[in-house]
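A quick write-up on the structure given underneath.
Computed from a predicted structure; not experimentally measured. Letters go in sequence order (proteins before strands), and every chain restarts at 1.
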Amino acid sequence: MANLPILQFEDKILETVNQNPVVVIIGETGSGKSTQLSQILHRSGYTKSGAIAVTQPRRVAAVSVSRRVAQELDVRLGDEVGYAIRFEDRTSERTCIKYLTDGVLLRESLSDPELKQYSVIILDEAHERSLNTDILMGLMKRLIRLRASNLKVLITSATLDGEKVSKFFSDCPILNVPGKLYPVEISYTSEQPKSYIESSLRKAIDIHVNEPEGDILIFMTGQDDIEKLVSKLEEKIQSFEVGSCMDALVLPLHGSLPPEMQASCCFPLFVTCGSYVRVFSPPPPNCRRFIVATNIAETSLTVDGVVYVIDSGYVKQRQYNPSTGMYSLDVVQISRVQANQRAGRAGRTRPGKCYRLYPLAVYHDNLLDATVPEIQRSSLAGSVLYLKSLDLPDIDILKFDFLDSPSLESLQDALKQLFLIDAIDENGTITRIGKTMSELPLEPSLARTLIEANEYDCLTQALTVAAMLSVEGTLLPGRSKSSKSTEKKRKHPPSELPDGSGWGDHIQLLQIYELWDQTDYSIDWCKDNNLQVRGMLFAKDVRKQLSQIMQKIAKGSLDVRRKERRRDREHDYKNLRKSLCAGYASQLAERSIRHNGYKTLGFKSQLVQVHPSSVLREDEEGMLPNYVVYHELISTSRAFMRNVCEVEMQWVTPILQKLEKLNVNKLSGGSNQPMENTQEDQNIPKKDGPTDDSSSRIQAARDRFLARKANK
DNA sequence: GAGCACTGC
C-alpha cells in the first residue's frame, strides 16, 4: 500500500476537498482510489461528523474493497469498516467507512433523502454510468446545495469524461491520479476486417507463434462467437507439430458459463484482490492461455497473466425503445472509454500489447467518447417512480438534472406506464399505491401485482412469481446444440416439471417453486430438473426479502405452503392472474380474430407473437387466449412476448377505459406544455402527439370485445 | 417454432 500512486497526492486531495463541495478524481487502474480515498479522508477527520460512503456498481467490488480496507486499518470487517449489499449488511453503529452498491445507497436515500448519516459520499467508477450512479449524481447535485456546509462529494471517473462530470457540477476541480499500469503498445488494422472471428483467429495464432510468453485475452460479443472462435483456435493449435511452439490452453469466458464448467477447464481460484475478482489459477509452465471472453473481462473479472489483448471493437448491448416498448439486444461498436479499458487489461503485470481489429481512423472518428449511459437505454418506469417517491418539492421529473438526460419520449413512456398501474394519478402525482410500490425492490409491474394480490388473498403466490421473474434464466441454462440427443430431449421434455396448467408462464414459475419448496429446497432436485441452482437460490433470497417488506401490510400468511387452505388451485390461479392483469396493465395484448398473432393494447400498438418457449396452451381449435399480459417484449428474429399469462376480458375493459383517459401532458405536470387542450378533461377522444391513434384503436378493441361478448 | 452482453435494489 505504501507505494500506491494516490498517496503522493494526499495533501493535494485534502486541500481540494476542504475547499470544494464536489471534486472529480480521475484515477486509472491501480491508482488505489477505491481503497485509499476513504482512508485519506478518514485520517484527516472527516469521519468525526459522519460516515464516509463509497458506492460501487458491483456487489463483489463492495465486498472485496471493504475487506481490503479493513485489513489495512487492522479492524474487524463490520466494525469501523463495513459493507452493505442486497441481502447482506455488514455494518454496525461504529462503522465510519461504508462500502455499498449504488442501488443500496439509493434505497437508503428513500428513507433519508438528505443522507444525513454521511459526511462524505464517494461515487466510485462513475464512468461506468450505471443507471443508479447516474441518478445518484443528479441527487448529489441537489444535496450539496442543501447540505453545503457539511457534505463532501467525490466522483471518480475516466480520463475521457472527467470534464463532462466537472461541468455538470458547476466546473468543480478535477484531480488526476496516475495509475500503476504498465505501458501498452496499441496497434490497429489498416482496414475494417470482414469477419472479426477470422481476424481474431489469425491475430491470436500470429501472437502465439511470434511473440514471447504471456496470455492472450480476446474480446468477442457473445457466447456464439466465443464458441466458434474457441473451436477454431483449438483446431488450429492441434494442427501444429508437437514442440513447434509452446503449449496452449483455450478458455471461453462468459456470464452464462456454469461455475463447474470453468472448474473443469482451469481449476479456478476465486481470490478477491483490490476491487477485482481474479479468476483462474496460473497456467501450467510453458503454456499460453487464450481467453476468449465477453465484456465480462472488461471490468467484472480480472485474468492475471494477460499480456496481449485482441479487441474486436464490438459489444452486445441491450436497448429499450420507448416508442415501441420493446427491448433488443444489438451488437454495437464500443466506446473509446471501453477500448481503453480493454487495452489496459494487457498492462496489469508487465508491458503489454493491444491489437485493435479496426483502423485508427475508426477509433478517432466513429467510436463514441463514452458508452451510451444505461439511463438512455432502459425503461425508466422504476426510476421515475423512485424519484417521485422521494417527494422532493423542488424536483420536476421532466426537468430533473441528469448528467445525460433521457429523451422526453422515454420519460413520458415511464409516466404512462405508471399511470396505467395506478402508481401516479392523472396529474402525475404519486399515489398511495405508488408509494408502497416504491418500497419494493421490483420493477413497477411486479410491485403493483403484489399489492393487488394482497387484496385478492393470493399474495403468497404473487411473491413467488415476482421472485422467480427477478431471476433471468432460471430454466434450462445454456443451449447444447452440439448434441442432437439433447435437442430431441428438448422437444419432449423428460422432466416432470409442471406446465402452468395452460394458463401461462407465470403460473408455471409458481408451480415449479412450490414443488421445489416441497423438496425443502433441494439442490439435487434443481439439478435433476435442469434448473439453474444459482438462479433458484437467488429467487429464494428475493422472496424472503419481499416477504419481509410486505409483511407489514400482508392480509394473510406468506408461507409458500399454506396448509390450512382448502381452496382449489384454479381459484388461486384466477386471483393471481387477475392481480397480474392489474400489474401489467401497460403490457396487455389482444389476439387477432383469425390467427395466433397478437397486438399490444398499450398506447403503442405492436404486432407481436408469443415466444415459442412459452407454456401458454391453445384451446381445442388451436387458438391461444384472446387476452394476455406479458412480462417483456423482446425483438430478436421477430417481436416476441416473453413470459405470458392468460387474462380475462372483463379484467381488461377498465384498463382500456383508463387508456382513453390518458393525457400525457397532464401526467407531465402540464409544465412543459402550458397550452393544454381542455377538451381532454371532458374525456373527448382527441389527437395527442404520439398517442394520437390510440383512441380509435382502443375503440376498435372495445368493439371487438363487445362482439366477442355477444357471441358467447 | 426460437435462442440468452453485463450489472443491480
Side-chain angles (χ1 to χ4, degrees), chain A residues 55-62 84-89 100-110 125 128-136 219-227 253-257 293-301 312 314-319 327-332 334 338 341 371 373-374 377-378 382-383 385-386 389 437-444 446-447 466-467 470-481 487 490-491 532 535 538 541-542 545-546 549 596-597 609-614 616 618 624 632 634-642:
Chain A
T55 68
Q56 296 289 331
R58 278 173 295 281
R59 295 160 55 91
V60 272
I85 57 179
R86 188 178 190 180
F87 310 133
E88 207 183 343
D89 184 348
L100 28 61
T101 47
D102 46 18
V104 169
L105 188 63
L106 273 183
R107 289 268 136 212
E108 287 186 357
S109 92
L110 209 52
E125 317 287 1
E128 290 189 22
R129 302 298 304 277
S130 75
L131 180 58
N132 289 338
T133 297
D134 265 23
I135 291 173
L136 279 172
F219 283 103
M220 305 297 285
T221 58
Q223 189 177 345
D224 254 10
D225 289 353
I226 288 174
E227 280 166 10
L253 184 60
H254 52 81
S256 51
L257 213 58
T294 60
N295 51 335
I296 196 171
E298 238 168 58
T299 49
S300 306
L301 296 176
S312 65
Y314 290 96
V315 68
K316 240 181 226 177
Q317 239 175 33
R318 194 177 143 96
Q319 347 233 20
Y327 279 97
S328 59
L329 197 59
D330 307 321
V331 174
V332 299
I334 60 171
Q338 260 177 306
Q341 177 71 31
T371 310
E374 209 184 336
R377 296 187 278 117
S378 324
S383 302
L385 179 63
Y386 169 82
S389 73
M437 285 167 60
S438 66
E439 284 174 43
L440 290 157
L442 284 175
E443 46 198 286
L446 291 175
S470 299
V471 189
E472 264 182 54
T474 309
L475 296 165
L476 301 168
R479 333 145 250 189
S480 37
K481 56 180 166 188
E487 256 177 47
R490 190 88 40 95
K491 272 192 175 169
Q532 216 185 69
F538 180 77
D541 279 340
V542 174
Q545 187 190 24
L546 297 176
I549 298 170
N596 276 337
Q609 292 189 339
V610 174
H611 196 275
S613 65
S614 174
L616 191 70
E618 299 170 347
L624 289 167
E632 182 180 59
I634 175 102
S635 167
T636 50
S637 58
R638 292 182 198 174
F640 290 112
M641 299 182 282
R642 263 218 300 243

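In this structure B/dC6 sits in the anti conformation; its chi angle is more than 90° from 0.
OP1 or OP2 of B/dG3 has at least one side-chain nitrogen or oxygen of A/T636 nearer than 4.0 Å. The shortest distance between the side-chain N/O atoms of A/T294 and the OP1/OP2 oxygens of B/dC6 is below 4.0 Å. Side-chain nitrogen and oxygen atoms of A/S637 include at least one within less than 4.0 Å of the OP1 or OP2 phosphate oxygen of B/dG3. Applying the 4.0 Å criterion to OP1 and OP2 of B/dC9, one finds that A/T101 has a side-chain N or O inside that range. For the pair A/R129 and B/dT7, the criterion of a side-chain N or O lying under 4.0 Å from OP1 or OP2 is not met.
If you take CE of A/M220 and C1' of B/dC4, they are 17 Å apart, rounded to a whole angstrom. The interatomic distance linking A/Y327 (OH) with B/dC4 (C1') rounds to 15 Å, in whole Å. Atom CD of A/Q338 and atom C1' of B/dT7 are 13 Å apart (whole Å). For A/L105 and B/dT7, the CG to P distance is 21 Å, given to the nearest whole Å.
As judged by a 4.0 angstrom heavy-atom cut-off over every strand, A/Y386 is placed among residues making no nucleic acid contact. Heavy atoms of A/L329 sit under 4.0 angstrom from at least one base atom. A/V315 comes within contact range of no nucleotide atom at all, as no heavy-atom separation falls under 4.0 Å. Looking at heavy-atom distances under 4.0 Å, A/I85 makes contact with sugar-phosphate atoms alone, never a base. A/R58 comes within 4.0 angstrom of the backbone, heavy atoms only, and of no base.
Side-chain polar atoms of A/S130 and A/N132 form no donor-acceptor pair below 3.5 angstrom.
For A/E108, the salt bridge (charged side-chain N to carboxylate O under 4.0 Å, His left out) criterion is met by A/K98, not counting sequence neighbours.
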